[in-house]
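All remarks here apply to the structure that follows.
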Amino acid sequence: MKTKNSLQFVSLSLSLLLATGLYNCTPQKSEPEIPKFDEEYKNVKLPEITIVKPAEVVLVPGKVEEPKAVTSLSAELTAGTVTPAITAAATDMEKIVSADKAAEINAAFTDDVINKLAKGEPIPASLKASIDAIAANPAFAAYLPSLTLPTVNGKPVTGIVKELPFKNNQPLFTVPDYAIAAINSPCTDSAQAAFNRAKAVIDNARIQQRANVTNSYNQNVASINNTECFSTFQTTIVSSIATSLNVFNTRLVLINSITTPTSRIKSPANTLANPEAQLVKTLFIVNFTTQINSFNMLSVVSSTACDTEKTEKLRAAEIARDTNFVTIENNYKTALANLQATLTKSFQTCHDQGQG
């Protein structure tokens, strides 16, 4: 009985040993190897940009110019004798104003009036009205100075600067949604981590590029704000007024040098009778007054021109900044879309291997 049991035990042991051997010989199913997803992103970068500079803003100063008729007449006076041109000028004035009225204007045009005029202060109303009436007469047009207004980018500046609308707030950049794995696994986690590392590269590049553009914009604004404009124009205008005053005084001296003394009954040869001299003096007074008024007007519009130039330069700087921002965002969108496509492909690889 004992022998039978022993045989049964041996048989059972052999069966277990055989089963174990057969199990160990059966090929075991191993986990798929996780791909090296970082290899798919090794050339990822955000394209470099060349920062667009602001468009040029051109300010052309205004100017006041004497008419040829006056400069020619002034040159005639230096001859020290009465010329046909001087006589013709007196005749032209006689068609506009009487010699007596001219003498009245000349007497009222004192040094005090000249100083007020040069400073842009009001002169006596009656004198101003008389001078304005002569200047407005079409017959005097040839003796009027011309005023050329300053221009900014080719447009004449005449009035008050209007604020230009600035787009201070940039539209928010919307990051496109990217694929998300349906089931997480070591494979999909690895794919997501590789994507995140690649995205960090273009995120950091985008931040740096925007900082570079902002820095360039800030430098442009600082330069614009620190640029002197009006003081330069004003210095030129003040100098021009002083020159005009000197020329005016010289002309009066020259007229007096060829004028017949009022005590004489008959004018000597090559001298100008007092009535004609008064008319020519009035011509120069009206010309000088209009010229100074033009300079004073030019001073006002030059200030406006400087403000306009500054406004346009700030606007150009902002447009350049925004253009650069748009380029960066477009490049970022394209790069991110490529990363998305790669991530989606990586998730599909995981899925095909049964890992997600």
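No donor-acceptor pair under 3.5 Å is formed between the side chain of N215 and the backbone N or O of A211. Checking side-chain atoms of T342 against main-chain N and O of N338 turns up a donor-acceptor pair under 3.5 Å. Between the N324 side chain and the V52 main chain, a donor and an acceptor come within less than 3.5 Å of each other. A donor-acceptor contact shorter than 3.5 Å links the side chain of T71 to the backbone of K68. In terms of modelled atom types and a separation under 3.5 Å, the side chain of S130 and the main chain of S126 share a donor-acceptor contact. No donor-acceptor pair under 3.5 Å is formed between the side chain of S74 and the backbone N or O of V70. Side-chain atoms of S223 do not come within 3.5 Å of backbone N or O of Q219 as any donor-acceptor pair. Side chain of S98 to main chain of E94: no donor-acceptor pair is present (N/O by atom type, distance under 3.5 Å, no hydrogens or angles). No donor-acceptor pair under 3.5 Å is formed between the side chain of S231 and the backbone N or O of E228. Without hydrogens or angle criteria, N137 side chain to I96 main chain gives no donor-acceptor distance under 3.5 Å.
Residues Y143 and F140 place their aromatic rings such that the two centres sit under 6.0 Å apart.
Across all their heavy atoms, L46 and Q209 have their closest contact at CD2-OE1, 3.8 Å. The two residues S302 and F230 come nearest to each other via the heavy atoms C-CD1, 4.1 Å. Taking every heavy atom of both residues into account, I258 and L77 meet most closely at CD1-CD2, 4.0 Å. The minimum heavy-atom distance between N153 and V57, with the atom names listed, is OD1-CA, 3.4 Å. Residue L279 comes nearest to A102 through the heavy atom pair CD2-CB, 3.9 Å, listed as atom of the first residue, atom of the second, then distance. Residues N296 and A118 come closest through the heavy atom pair OD1-O, 4.1 Å.
Annotation: cation-pi geometry satisfied between R210 and F325 (NZ/CZ under 6.0 angstrom from ring centroid, within 45° of ring axis).
In terms of the side-chain hydrogen bond (donor to acceptor under 3.5 Å, both in side chains) criterion, T151 has no residue partners (sequence neighbours excluded). Taking the side-chain hydrogen bond (donor to acceptor under 3.5 Å, both in side chains) definition, one finds that E76 meets it with T83, sequence neighbours left out. Checked against side-chain hydrogen bond (donor to acceptor under 3.5 Å, both in side chains), N249 has no partners two or more places apart in sequence or in another chain.
Residue T289 holds its OG1 atom at 7.0 Å from CG of L127, rounded to the nearest 0.5 Å. The CD1 atom of I285 sits 8.5 Å away from the CD atom of Q278 when rounded to the nearest 0.5 Å. With rounding to the nearest 0.5 angstrom, the CG atom of L283 is 11.0 Å from the CD1 atom of I86.
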So D203 and Y332, side chain to side chain donor-acceptor pair (under 3.5 Å) or not? Walk me through it. CA-CA 8 Å; D203 284 347; Y332 181 81; 2.2 Å; yes
Run the side chain to side chain contact (heavy atoms under 4.5 Å, CB included) check on S299 and F233 step by step: do they pass? CA-CA 8 Å; S299 177; F233 287 157; over 6 Å; no
Full working for side chain to side chain donor-acceptor pair (under 3.5 Å) between T87 and E276: CA-CA 8 Å; T87 303; E276 286 76 15; over 6 Å; no
Between T259 and N274, does a side chain to side chain contact (heavy atoms under 4.5 Å, CB included) hold up when you go through it step by step? CA-CA 6 Å; T259 300; N274 188 61; 4.3 Å; yes
Side chain to side chain contact (heavy atoms under 4.5 Å, CB included) assessment of L73 paired with F284: CA-CA 10 Å; L73 182 60; F284 283 124; 3.7 Å; yes
Side chain to side chain contact (heavy atoms under 4.5 Å, CB included) assessment of C350 paired with F37: CA-CA 11 Å; C350 294; F37 293 115; 3.7 Å; yes
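No more than 12 heavy atoms of other residues, nucleotides or ligands shown are found within 6.0 angstrom of CD on E56. Counting non-hydrogen atoms of other residues, nucleotides and ligands closer than 6.0 Å to CD of Q348 gives a total above 12.
Using the six-membered ring where Trp is involved, F288 and F248 have ring planes that are parallel, under 30° apart on the 30 and 60° scheme.
Look at E39 and K36 and you find no salt bridge, because none of the NZ, NE, NH1 or NH2 atoms lies under 4.0 Å from a carboxylate O. E309 has a carboxylate O that lies under 4.0 Å from a charged side-chain N of K313, or vice versa, which qualifies the two as a salt bridge. R321 has a carboxylate O that lies under 4.0 Å from a charged side-chain N of E318, or vice versa, which qualifies the two as a salt bridge. A salt bridge is defined here as a Lys NZ or Arg NE, NH1 or NH2 lying under 4.0 Å from an Asp or Glu carboxylate O, and K116 with D112 meets this definition. By the 4.0 Å N-to-carboxylate-O rule, E48 lies too far from R206 to be salt-bridged with it.
Residues Q208 and N212 have side chains that bring a donor and an acceptor to within less than 3.5 angstrom of each other. Judged by distance alone, the side chains of S346 and E40 never bring a donor and an acceptor atom under 3.5 Å apart. In this model, a donor atom of one side chain and an acceptor atom of the other lie less than 3.5 Å apart for N256 and K281. Judged purely by distance below 3.5 Å, without hydrogens or angles, the side chains of Q291 and N287 never pair a donor atom with an acceptor atom.
Residues R197 and V201 are not in side-chain contact: their nearest non-hydrogen atoms beyond the backbone lie 4.5 Å or more apart. The side-chain heavy atoms of L147 and L149, taken from C-beta on, include a pair separated by under 4.5 Å.
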